[in-house]
Amino acid sequence: MAFTRRAFGAGLMAAPLLGPASLAAPPKGQTAYGDFGLDLAAMDPAVAPGDDFYRHANGAWIRSAMIPQDRAIWGANAQINDTTQARSRAIMESAGALGTANGRKIADYYGAWIDAARLERLGTGPLKPELARLAAIAAPADLARELALLSWAALPNPNGASPLPQSPVTSGVGIDIMRPDRYIAGLTQGGIGLPDRDYYFVDRPANLKVRQAYQAHLARLFALAGFDDAEGRAARVYALEERIARGHRTRVANREAEKRYNAFTRADFAAQAPGLDWDAYLKAAGLEAQPILIVNQPEAIAAAAAAANEVPLDDWRDYLSVRAIRNFAPVGPRAFREEDFAYTRALTGTPEMPALWKTAVIQTDRALGHAVGEIYLQRHFPASSRAQIAEMTRNLKRAMAVRIERLDWMTAPTKGRALAKLQRLRIEIGGQQPLRDYSGLQVTAGDGFGNLLRAQSFERARMLGKLGRLVDRSEWSMNPQSVNAVSNAALVKVMFPAGYLQPPNFDPNADPAVNYGAIGRVIGHEISHQFDDQGAKFDETGALNNWWSAEDLAKFRTVGAGLVAQYSQYEPLPGLHINGLLTVGENIGDLAGLALAYDAYRASLRGKPAPVLAGLTGDQRFFLSFAQVLRSVQREDALRQQILTDPHAPNEWRAAQVRNLDAWYAAFDVKPEQKAYLPPDRRIQVW
Ligand SMILES: [Zn+2]
């Protein structure tokens, strides 16, 4: 549900273009961009707004922007990432001097990742016990145990989309969406190394290239770790993954919340998914006492269980071993780190491996993010900014209420339920309070891989520790310094981390039109997720429970279908269209968010006319700000991967939402003969 997702490593550019490069905020009262927050130099006045609004707002910037060598994408969001990464580095490098337990842990965790000489000296020593344990797999029960442990072999990414579930049978703990005051255990599909099942089966040239690169990557990992027959092993692991992927539900099918909720008793499910030693699996997963399991994709889990029985144990040992090597590679000797990056390069086209400290920042952020965030909040998030954002969120919420009340197609009872849900919606700013406790996590100086394994076990224990407790409604999946925002349907809550609340997203000194077009629209987007095609299935308590009348739901679905059709027409790369079905939830969020932010901006004027600044009206500044925070340049391979796997449309097409808003036509006097013009009956309105 997150607003933006950047799965690619963040990087600090030596000389950022057109932006705040320093760690400090601009002097008091001064905007980061221009006189009132807009980057006027970024615009291209030669492009008419009605022909191509994105290039009108950003054309000069796009022409001069260069993607840093260690990045897949560059733009406003990447630039904020750089600032935050540099601030986090400063925190991590000085944390040891704080004299606190958390400070020591941060310093030791980070320190072990950046000590290149020591990583070289240790060689594959730290990996050996893992490989020895896997080499000893001799019986189906051993395999089942290792498949359960593999569920936890990657830390969640608090900055955006988390890595794909690691195990073909990944276990976990989540909120029970039928009874959202309690937690429940579940199983979900995973265990493939390519970004999506379709990469294995859809024979487009780019996929063939990535498949070859991935198989070569697996072979080189085996060779680096000292295995013989590296190519043969890689080919067999690939074949096993392909078999697992064949059982996977597609991304589009997997969006449907109610179809992921399949409750089974343990005995029923073991009978339905034979082949895996379920007793051994559930014991190792820490779930042996759970009476009910929620199985997200029963057909995929059954296929994986059958593979556990039918594929030779030799192949499974290799499959698990290469995953252990991949887990180790980022904190191994240089040859391993380079190989780890080689696969990222093949996927995204990024030429250069990021500096070691950048990886160390990302990894420390994953393991000890709230401890880093505590310091981040003290240093970089003043109370005045929190108050300013809080006021905007109230205005956005009010704008949503007004929109619901005046909808002509929705019946009164459904409106009542929608308003009740909006009333209950919690909006939290900055970071989780209280922050997460790390006292149970042992961090040892100089033991990078050991620390990583302990952090993964700590996360496993934290998640399992939820079972049997009431849901902690204060929890955040993100860190305070995360450069993102998120909406959680089961918690009926939207969250805006401090890391996201920086120029150009939010500038405390900017003109209100600029802030409403930027962060206001993000706030509206996250609120709207509670009412998008999936979020709207959850009621005001966070339960998956249809509160819509049949006729209202049918009308609401028509709106979604319109957006699916509109976005499916867009073709960012020749022959590759946006997947309207995959992106519909985010597109609803974008469209509704922009409309809400516009209403909230107008309401904030309290009937007074907006000033004209640099010849731009308030409405013009609002829409230009919206398009400017979306500016980005992206490598073609990374763009292709985004179109194939990401629920967010690429930024340029997110900016195209202006075509659906009457106010945009009025603000820029857009005429029917212009390229971006849509006749009124083809403009889509969600709320
Ligand atoms: Zn979103």
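Just so it is clear, the model here is predicted, and its values are computed rather than measured. In listed order, ligands and their atoms are each counted from 1.
A salt bridge does not link Glu652 with Arg631: every distance from a Lys NZ or Arg NE/NH1/NH2 to an Asp or Glu carboxylate oxygen is 4.0 Å or more. Between Asp637 and Arg640 there is a salt bridge, since a side-chain N of the basic residue sits under 4.0 Å from a carboxylate O of the acidic one.
Its N, O or S atom nearest to the Zn ion (ligand 1) is what matters here, and for His525 that atom is NE2. Glu586 has its closest N, O or S atom to the Zn ion (ligand 1) at the position named OE1.
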Go through Tyr516 and Arg521 one step at a time and tell me if the side-chain hydrogen bond (donor to acceptor under 3.5 Å, both in side chains) criterion holds.
CA-CA 6 Å; Tyr516 274 99; Arg521 164 263 175 173; over 6 Å; no

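Coordination check, His529 versus the Zn ion (ligand 1): passed, since an N/O/S atom of the residue sits under 2.8 Å.
Met495 has its side chain out of reach of Met478: every pair of non-hydrogen atoms, C-beta onward, lies at least 4.5 Å apart.
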